[in-house]
Every structure is written in C-alpha cells, then in structure tokens.
Novice: 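One structure coming up, written as structure tokens, with questions to follow.
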Amino acid sequence: LPKSDSIADLLPKMFPKGKYEFVTTYESILKSISLGQKDATVLDMAVANYLTRKLTITNIIPAAEADIDAVDRDPQYRFAVRSDWPELHSILQKAMASITRDEITRLETRWFGLVKKSDSRKLSLTSDELAWIKAHSVVHVVAEDVPPYAFLEHGKPFGYSIELLKLMGDIAGLELNFEFNSAAANIEKITTDEAQLTINKIFTAERATYLHFGKQPFQVKQAIFAKT
C-alpha cells in the first residue's frame, strides 16, 4: 500500500489479519505485483490505469471494486484550503462552478484516458473577496506525486488536478506557486502557514479541523489490482 494514502491507515484497521507492506511510490507497487513479488494492492483506478500504460505493464487487472466504507472518510480527491482562509475557499468554489462540462470532459479525456491562457469570464465576487485577492494574489500550493492527478515532469507540474486548479486560478485572477513534497511535509506546511492550499486530499474528520474542503468534479474509484 502507498504510505501517503489514507487507505494505508484504514485498511489494516479494517482487516487486521492481512499482511501489508508500505512503500513510497505507486510505480514500485505496480512493478512488484507485475513481477509476482506481491499479491495485490488497493489503488485509485485512474492512478493504476495511467501508470500501467506509462510503464507498459500488461499483466495487472482490476480484480474487484474496493468499496471501502468508513464513517469519517470520504474517498474523493478535493482541493483543501487552510481553515483560516475562507475567502480563498469561496473564490475557488465560484471559479469551479463557472467551469463548463466540456472543459471538465477535455481534462478527463487527456488525463484519465476516457496551454495555459487567461480567462475573460467574470465571477460574482463580494467586496471582501475582491479585497482578499488584491492582498493575496499569489497562493502557495503544495502537492504530492499522484499521477495522473499531479506530478512533476522536467521540473514542471502536470496532471489533471494541476490543470484544473490553474484554470480556476486564471478565472479568479490568482497566481499559483506549486511545490511538491511528501504528504506529511505538506500538512506541516499548511499548518505552519508556509502554504495555503493543497490538492488531491481525501476528507477525514481529523483533517477538517485545519482544512476547508472544496468540491471536485470527478469521482475517485478504488479497486483491488492483482496479477493476471
């Protein structure tokens, strides 16, 4: 299981008799299953599909959908803003609401397999939100390597969630500065005011004490992957 994923904490509690190994990269998980070194894993289907294509792995299939129910865990990826920055949360929600279904479909087609430019549409922002943008035009975003949602290539951020957030930033008139770290390091940066926004975060009751979660326009599906 991936160390940085909340499933790594949840699954051993739900199924304590299982044998688990925790690793740092999704690539190493899929390679170990492909080589027969491990039996199975639970991964986001988009992550697994993207990486099996990228790594040309042909002997792994989704054996079953992983419908894992947890009371305080919503298994959907979301952007999340520091809880003491409600203006940024409201601005991004309005930007998200203005994105058309065609724009979402283009992103999903590109990143899930199913040039930045400014946007002229106008958001209905309050005077407080406009003043907030004027005072905070640059927002520091922290992310983890979770392809195809977010990853670095030649030192530049790419991925579905990256492009979606850039589109939202263009609409809202915000400049976004991206930094990639481990999940633990990013949470520390959020809680110590070194960053204001993070992406691809699953809602939990504990995280909601310091993060203000937004909506994400796609459904995350996890599955059990095994060697054929």
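Only a predicted model underlies this, so the values are computations on that prediction, with no experimental measurement involved.
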Novice: Return the minimal non-hydrogen interatomic distance between Leu30 and Ile60, and the atom names on each side.
Specialist: O-CD1, 3.2 Å
Novice: Does a sphere of radius 6.0 Å around CG in Asp39 hold more than 12 heavy atoms from other residues, nucleotides or ligands, not counting ones at 6.0 Å or beyond?
Specialist: no
Novice: Do Val141 and Val138 belong together in a cluster built from hydrophobic side chains that touch within less than 4.5 Å?
Specialist: no
Novice: Check Ile133, Val139, Ile171, Val81 against Ile91 for a side chain to side chain contact (heavy atoms under 4.5 Å, CB included) and give me the one that passes.
Specialist: Ile133
Novice: What's the spacing between Ile190 CD1 and Thr192 OG1 if we round to 0.5 Å?
Specialist: 8.5 Å
Novice: Please report the interatomic distance CD1(Ile162) to CG(Leu152), rounded to the nearest 0.5 Å.
Specialist: 8.0 Å
Novice: Do Thr41 and Tyr20 pass the side chain to side chain contact (heavy atoms under 4.5 Å, CB included) test, and can you show the C-alpha distance, the side-chain angles, and the key distance before you say yes or no?
Specialist: CA-CA 9 Å; Thr41 188; Tyr20 302 96; over 6 Å; no
Novice: How far apart are the closest heavy atoms of Ser28 and Val23, and which atoms are they?
Specialist: OG-CG2, 3.7 Å
Novice: I'd like to check Leu130 versus Asp128 (side-chain heavy atoms, cut-off strictly below 4.5 Å). Are they in contact?
Specialist: no
Novice: Within a radius of less than 6.0 Å around NZ of Lys31, do more than 12 heavy atoms belonging to other residues, nucleotides or ligands occur?
Specialist: no
Novice: Taking only residues at least two apart or on different chains, which pairs with a member in residues 8-29 satisfy salt bridge (charged side-chain N to carboxylate O under 4.0 Å, His left out)?
Specialist: Glu21-Lys38
Novice: To the nearest 0.5 Å, what is the distance between NZ on Lys54 and CG on Asn49?
Specialist: 14.5 Å
Novice: Could you tell me which residues satisfy salt bridge (Lys or Arg N to Asp or Glu O under 4.0 Å) with Glu188, sequence neighbours excluded, listed by chain and number?
Specialist: none
Novice: Measuring from Ile99:CD1 to Leu167:CG, what's the distance to the nearest 0.5 Å?
Specialist: 4.0 Å
Novice: Do Glu144 and Asn186 get their side chains close enough for a donor-acceptor pair, meaning under 3.5 Å?
Specialist: yes
Novice: Report the relative orientation of the aromatic rings in Tyr50 and Phe151; use parallel for angles under 30°, tilted for 30 to 60°, perpendicular for over 60°.
Specialist: tilted
Novice: To check you understand the geometry: which heavy-atom pair defines the closest contact between Asn200 and Ser161, and what is its length?
Specialist: OD1-OG, 2.6 Å
Novice: Determine whether Leu92 and Met96 make a side-chain contact, defined as any pair of heavy atoms from C-beta on separated by less than 4.5 Å.
Specialist: no
Novice: Between Tyr77 and Asp44, do the side chains contain an N or O donor and an N or O acceptor separated by less than 3.5 Å?
Specialist: no
Novice: Would you say the side chain of Glu129 lies within less than 4.5 Å of the side chain of Ser90, judging by non-hydrogen atoms?
Specialist: yes
Novice: Can you find a heavy atom in the side chain of Leu51 that is under 4.5 Å from one in the side chain of Ile29?
Specialist: no
Novice: Would you check if the side chain of Arg78 reaches a backbone N or O of Lys201 as a donor-acceptor pair within less than 3.5 Å?
Specialist: no
Novice: Mind checking what makes ring-ring contact (aromatic ring centres under 6.0 Å, His included) contact with His136, not counting sequence neighbours?
Specialist: Trp85, Trp132
Novice: Measure across Tyr26 and Asp145 and return the closest heavy-atom pair with its distance rounded to 0.1 Å.
Specialist: CE1-O, 3.6 Å
Novice: Determine yes or no for a side-chain-to-main-chain donor-acceptor pair under 3.5 angstrom, with Arg207 supplying the side chain and Ile202 the backbone.
Specialist: yes
Novice: Taking it one step at a time, do Glu179 and Lys189 satisfy side chain to side chain contact (heavy atoms under 4.5 Å, CB included)?
Specialist: CA-CA 10 Å; Glu179 179 183 346; Lys189 285 182 176 290; 3.0 Å; yes
Novice: Let me confirm one number: the CG-CD1 distance from Leu35 to Ile33, rounded to the nearest 0.5 Å.
Specialist: 10.5 Å
Novice: Considering only heavy atoms from C-beta outward, does the side chain of Pro2 approach that of Leu43 to under 4.5 Å?
Specialist: yes
Novice: With Phe178, which residues qualify under ring-ring contact (aromatic ring centres under 6.0 Å, His included), at least two apart?
Specialist: none
Novice: When you compare the side chain of Val47 with that of Pro148, does any pair of heavy atoms fall below 4.5 Å?
Specialist: yes
Novice: Suppose we screen for salt bridge (Lys or Arg N to Asp or Glu O under 4.0 Å). Which residues come up paired with Glu87, at least two apart in sequence or across chains?
Specialist: none
Novice: So which heavy atom on Gly169 is nearest to which on Leu176, and how close?
Specialist: CA-CD1, 4.4 Å
Novice: Carefully, step by step, assess Ile104 and Leu164 under the rule side chain to side chain contact (heavy atoms under 4.5 Å, CB included).
Specialist: CA-CA 8 Å; Ile104 293 299; Leu164 178 60; 3.9 Å; yes
Novice: Determine whether a donor-acceptor pair (N or O, by modelled atom type, separation under 3.5 Å) exists between the side chain of Thr198 and the backbone of Val142.
Specialist: yes
Novice: Using a 3.5 Å distance criterion without hydrogens, assess whether the side chain of His89 forms a donor-acceptor pair with backbone atoms of Phe213.
Specialist: yes
Novice: Would you check if His140 and Gln196 make a side-chain contact, meaning some heavy-atom pair closer than 4.5 Å?
Specialist: yes
Novice: Please enumerate all residues that pass salt bridge (Lys or Arg N to Asp or Glu O under 4.0 Å) together with Asp102, with sequence neighbours excluded.
Specialist: none
Novice: Does a side-chain heavy-atom distance below 4.5 Å link Leu197 with Phe79?
Specialist: yes
Novice: Nearest heavy-atom pair of Ala8 and Pro12: which atoms, and what distance?
Specialist: O-CD, 3.2 Å
